[in-house]
Amino acid sequence: APSILGMYGILDNNKFTCYHGFEKNHEDNYVDEPVVISNNVITARSMYYSQDFALEIIKYFYGNEIKNKIYKQVCSIN
């Protein structure tokens with residue numbers, strides 16, 4: 001995904017994260033974090049962080065209270 005965002009110039013003015021190796025053309029904006037929110041762009045380092053990525057999207061649209069409620073519901077599943 002970051003390569004597509006970069007191809008269209010979306011990463012030019014935004015911080016981002018991605019799987020190691022995909023940051024080569026945009027190293028100035030790369031942040032070595034699991035999930036990065038920059039303006040209205042949300043990126044995650046890899047599939048391993050899918051849950052964190054999804055929770056940050058929920059937080060972005062619905063706020064921290066709803067994010068925490070869903071987090072508790074998801075984390076209580078065994």
Spatial distance of atom CD1 (I37) from atom OH (Y60) [nearest 0.5 Å] =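 Between atom CD1 of I37 and atom OH of Y60 there are 8.5 Å.
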Let me check something: any side-chain donor-acceptor pairs from residues 4-23 under 3.5 Å, sequence neighbours excluded? List them with distances.
| residue | atom | partner | partner atom | Å |
| --- | --- | --- | --- | --- |
| N14 | OD1 | S38 | OG | 3.4 |
| N14 | OD1 | N39 | ND2 | 2.6 |
| N14 | ND2 | I10 | O | 2.7 |
| T17 | OG1 | V31 | O | 3.1 |
| T17 | OG1 | E33 | O | 2.7 |
| H20 | ND1 | Y30 | OH | 3.3 |
| E23 | OE1 | G21 | N | 2.7 |

If hydrophobic clusters are built by linking Ile, Leu, Val, Met, Phe, Trp and Tyr wherever their side-chain heavy atoms come under 4.5 Å apart, do [X] and [Y] end up in the same one?
| X | Y | answer |
| --- | --- | --- |
| Y49 | V74 | no |
| I57 | L55 | yes |
| V35 | M47 | no |

Set of side chain to side chain contact (heavy atoms under 4.5 Å, CB included) partners for Y48, sequence neighbours left out |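 Result, side chain to side chain contact (heavy atoms under 4.5 Å, CB included) vs Y48: S46.
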What residue pairs, at least two apart or across chains, pass salt bridge (charged side-chain N to carboxylate O under 4.0 Å, His left out) with a residue in residues 42-70?
-> D32-R45, E56-K67
Residue that, paired with I58, satisfies side chain to side chain contact (heavy atoms under 4.5 Å, CB included) out of I70, N68, N64 | I70
